[in-house]
Amino acid sequence: MRHLLNTTEFSRDEVLQMIDLGRQMKKEPEKFNRRLAGKSVVTLFEKQSLRTRVTFDIGVTRLGGHAVYMDQRNGIMGQRESVKDYARNLSRWCDGIVARVYDHNTLLQLSKYGSVPVINALCNLYHPCQVLADYMTIMENYDDVTKVKLAYFGDGNNMTHSLLITGAILGSDVAIVSPKGRGPDAAIFNLAADIARKSGAKLSVTDNVADVKGYDVAYTDTWVSMGDSTPMEEAAKIFMPYQVNRKLLNDTGIKHVLHCQPAHREMEITSDIMDDENVSLIYDEAENRLHAQMAVLDTLINQEK
Ligand code: CP
Ligand code: NVA
């Protein structure tokens with residue numbers, strides 16, 4: 001049984017196949033509208049969501065299946081009953097579990113004790129579905145992903161980790177530009193670096209914006225992730241030098257900007273960049289969540305058992 005928990009479950013060819021399938025689904029959705037006929041997918045959210053919740057629901061419907069949404073009022077898994085029992089019960093009824101959780105271990109337990117594919121819809125450590133949509137968006141704009149250089153600006157978080165891992169799998173360079181002490185988790189960086197050694201991707205961490213001169217794509221995310229109680233004004237004192245704004249693009253020569261959203265305008269990104277259609281790929285990226293996740297659902301739920 002295969003799952004999508006942190007993307008290391010998939011080879012380079014398999015990731016490329018899923019992105020390619022997503023692009024086909026975007027072009028000719030009607031060809032795929034029975035792929036999940038008769039199947040049900042539980043989408044379970046311990047945290048808030050706009051994009052992930054809506055795109056999974058609509059994605060399952062477009063593939064001919066049925067999505068059952070469990071919202072935050074169900075609380076954190078493991079509190080009312082064990083994650084093991086969540087996994088065993090849900091597996092008796094549905095064909096796949098999409099879960100947004102506080103703790104990555106919850107996903108590991110769901111996949112261990114359940115008997116249906118588990119898809120990580122964001123956890124404290126990773127956001128793999130987002131990054132598949134991100135690289136799909138990059139590949140719509142660049143012919144050769146192995147030549148693309150992406151620079152992530154801001155807090156070392158779940159997005160940072162998934163960009164490093166997926167960039168490494170695809171053989172695409174990723175630089176993390178963060179204040180000292182706020183970069184990625186060292187063990188996850190090392191995991192990505194091991195993969196990168198085989199694929200030829202160059203991964204780096206720096207606190208110096210000048211180090212990413214000549215890069216192609218800027219990526220940023222909130223300075224305060226869900227579950228972190230730091231006031232935004234406090235975070236701004238640390239992260240403001242890494243704001244994605246016109247000066248940063250001029251200084252680095254970067255041409256395109258991505259942001260997973262939700263965005264905090266005038267904090268990690270300025271409105272003039274977010275709204276500049278010559279630069280911002282942000283709403284294409286949000287649209288592609290739908291298509292990329294439909295490819296993930298089809299690949300995992302229709303896998304050979
Ligand atoms: N990018 C993303 O996952 O957005 P939501 O938190 O709204 O789902
Ligand atoms: N790092 C952010 C991503 C939101 C999609 C968070 O975890 O809140």
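Both ligands and their constituent atoms are indexed starting at 1 by order of listing. Here, residue 1 is the first one in the sequence, and each next residue gets the next number.
In terms of protein heavy-atom proximity, atom 8 (O) of ligand 2 is nearest to M226 N, 2.8 Å. The protein heavy-atom contact nearest to atom 4 (O) of ligand 1 is R51 NE, 2.9 Å. Atom 2 (C) of ligand 1 has R289 NH1, 3.3 Å as its closest protein atom, hydrogens excluded (heavy atom only). Of the protein's non-hydrogen atoms, L122 CD1, 3.8 Å is the one closest to atom 4 (C) of ligand 2. For atom 3 (C) of ligand 2, the closest non-hydrogen atom of the protein is D221 OD2, 3.6 Å.
Taking any N or O of L50, backbone or side chain, at least one lies under 3.5 Å from an N or O belonging to ligand 1. At least one N/O-N/O distance between S225 and ligand 2 falls below 3.5 Å. The distance criterion of under 3.5 Å between nitrogen or oxygen atoms is met by T52 with respect to ligand 1.
Separation of atoms CG (L258) and OH (Y135) is listed at 9.0 Å; rounding is to 0.5 Å. Residue R100 holds its CZ atom at 9.0 Å from CG of N120, rounded to the nearest 0.5 Å. Rounded to the nearest 0.5 Å, atoms CE (M18) and CG (L132) are 5.5 Å apart. Summarising the geometry, atom CG belonging to L16 is positioned 13.0 Å from atom CE belonging to M136; distances are rounded to the nearest 0.5 Å.
At a threshold of 4.0 Å, the pair K149-D216 does not count as salt-bridged, since none of the basic side-chain nitrogens sits closer than that to a carboxylate oxygen.
Residue R100 holds the heavy atom nearest to atom 6 (O) of ligand 1 of all those in R100, Q130, M226, E285.
Annotation for ligand 2: atoms under 4.0 Å from non-hydrogen atoms of N158 are 1 (N), 2 (C), 6 (C), 7 (O). Ligand-side atoms of ligand 1 in range of H127: 2 (C), 3 (O), range being under 4.0 angstrom from any heavy atom. Counting atoms of ligand 2 from 1 in the listed order, those under 4.0 Å from a heavy atom of N157 are 1 (N). Atoms of ligand 2 lying under 4.0 Å from any heavy atom of Q261, numbered from 1 in the order shown and given with element: 5 (C).
The shortest distance between side-chain heavy atoms of D221 and H259 falls below 4.5 Å. Side-chain contact check for Y215 versus T252: every heavy-atom pair is 4.5 Å or farther apart.
Scanning for side-chain hydrogen bond (donor to acceptor under 3.5 Å, both in side chains) contacts around R34 gives an empty result, with sequence neighbours left out.
Between W223 and F239, the ring-plane angle classifies as parallel under the 30° and 60° cut-offs.
At a 4.0 Å cut-off, not a single heavy atom of K47 sits close enough to ligand 1 to count as contact.
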